[in-house]
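Keep in mind that what you see is a predicted model, and the values were worked out from it rather than measured. When a ligand or atom number is given, it counts from 1 through the structure's own listing order.
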Amino acid sequence: MKTTFTFLLFLLISLSFSQNNIAVIPKPQNTLVGKGSFYINEKTYIQADENSFEANYLKEAIQIQTGLHLKITSKNNYKNIHLVLLEPKIANFNKEQYEIVVSDSEIIISAYTNQGLFYGIQTLLQMVPFEKKNEIAIPWIKISDAPKYAWRGMHFDVCRHYFPITFIKKYIDYLAHYKMNTFHWHLTEDQGWRIEIKKYPKLTEVGAWRNGSMIGRYDDQKIDDIKYGGFYTQEEIKEVVAYASKRHITIVPEIEMPGHSLAALAAYPELSCTGGPFEVGKKWGVFDDVYCPKEETFTFLENVLSEVLALFPSEYIHIGGDECPKTRWKSCAHCQKIIKEKGLKDEHELQSYFIQRIEKFVNSKGRKIIGWDEILEGGLAPNAAVMSWRGTEGGIAAAKQKHYVVMTPGSHCYFDHYQGKPENEPLAIGGFTSLEKVYNFNPMPKELILEEQKYILGAQANVWTEYILTPEQVEYMIMPRMSALAEVLWGTANPENFIDFKTRLQAQEIWLRNNNINYRKTSFTE
Ligand code: ACM
Ligand code: ZN
């Protein structure tokens, strides 16, 4: 009886609603907007469990945006914002979906999980103004919403340049705002090892510091002599993982191998083919000295990964795999001996052997590996997911082999690329990836048939920091391109209506300004 009544009420409300546009990014899947409003004032309660993170998050955000102090109550009061956790009726429910219904008497945000409620809250907060007020009006609305892609990510290289934990948390906040759920934390590189590993203290005593950095353009080949570096303690990492987890963001750590490992080799040169000595990289680019696939190296990497697995509960662990020159392996007696003993064809198969051994270890701990698309060369490890960066071809090949894929092609997803004419922009690595180009990105390649499409988990933007020295510059490179990517991944981007996106983007500018984010202003006027 009650459900019939609710249904009739909805029908009645729906009839007085119309399809409409609200300035929310990513645009929700289904939105109906009515003619009335619900008014939030200091008499409004948030009805939820008083210890609910989501309820407290909403309360604090409304206070920051409007100055209004709302109370949280577990009692069912009139004039409430209800956060309702639903009982899933089917086994394979979408844990990310949510619904918002605003009527003149209440706001109901409902979802099957706290993650769904969190996304509903993000949508609601985008309808709350940044203005000190005694009362704010939220239009009658009915939104039912869920993302298209499961992997909605942002990568961040903290090795070429180091960024403090306070900024890492801000970066996570930016993901949360755009309902993104994966933070790919690139923690080791030629130019710096950034994660404390208790068993190998030299990784950070030695590997976290370099005696100079490239300055200016790569072609100038200029290097300063300033000691540069930093690292995250395991305590700091635990704090960040917990911070992200509350915001329903999974951190996928990346420990690079077998290439991009000069900082580790500077600390432990015995893991190389030549024995060194080495210094932590000062120049950008690709280095010939990489891990030698000997038993000692595998023991080292398994011990490192054991500490990494204990810190990061993610399903996937990123093991790098990109840009590994085979120069040293070609002239190393040990490497050649393994090639012969294992019946490998060449050094590409040796790389494949390397990755497969690591995969076996990671799988034995109940986790999966993901690697850059070079891990396809010489044969893909049996359960590995592929991150397609040299275009989408690697991703297509992997999906056809029934391997999961994250798309991040340089053409559309490299946020270290220029976003305007280079002469008008701060120095960047190159390329050209405008806001509109990001908005035009389609993570699903046309080449895949229906059964293969399920292997495309989603996409992410990569933020490499050779030419990005400060948090302000990171913000400039990601904002507002991140909002375009978020909408692509939510599945509601319509490249034919870029104007509509640009119109809704105006509201994002208010959010950016109020959060003192150093966004690229030209993107709003050009
Ligand atoms: C990469 O950009 N080297 C993955
Ligand atoms: Zn070797």
Parallel, tilted or perpendicular, as decided by the 30° and 60° cut-offs, for the rings of F298 and F354: tilted
Would you say the side-chain atoms of R481 pair up with the backbone N or O of V438, donor to acceptor, closer than 3.5 Å? no
Please determine if R390 and E377 form a salt bridge, counting it only when a charged side-chain N lies under 4.0 Å from a carboxylate O. yes
Residues which pass ring-ring contact (aromatic ring centres under 6.0 Å, His included) with Y200, listed by chain and number, not counting sequence neighbours: Y268, F300
How close do T433 and Y414 get, counting heavy atoms only, and between which atoms? OG1-O, 3.9 Å
Could you tell me how the ring of W511 sits relative to the ring of Y174: parallel (under 30°), tilted (30 to 60°) or perpendicular (over 60°)? perpendicular
Any salt bridge between R160 and D157, counting N to O under 4.0 Å? yes
Are there any protein N/O/S atoms under 2.8 Å from the Zn ion (ligand 2), and if so, which? C273 SG, C292 SG, C332 SG, C335 SG
Across all chains, not counting sequence neighbours, the salt bridge (charged side-chain N to carboxylate O under 4.0 Å, His left out) partners of E496 are none
Whether the W284 and Q191 side chains hold a donor-acceptor pair (N or O, under 3.5 Å, no angle test) is what I'd like checked. no
Between ligand 1 and the protein, tabulate every N or O atom pair separated by less than 3.5 Å, reporting distance only.
residue: ligand 1; atom: 2 (O); partner: Y414; partner atom: OH; Å: 2.6
residue: ligand 1; atom: 3 (N); partner: D322; partner atom: OD2; Å: 2.7
residue: ligand 1; atom: 3 (N); partner: E323; partner atom: OE1; Å: 3.2

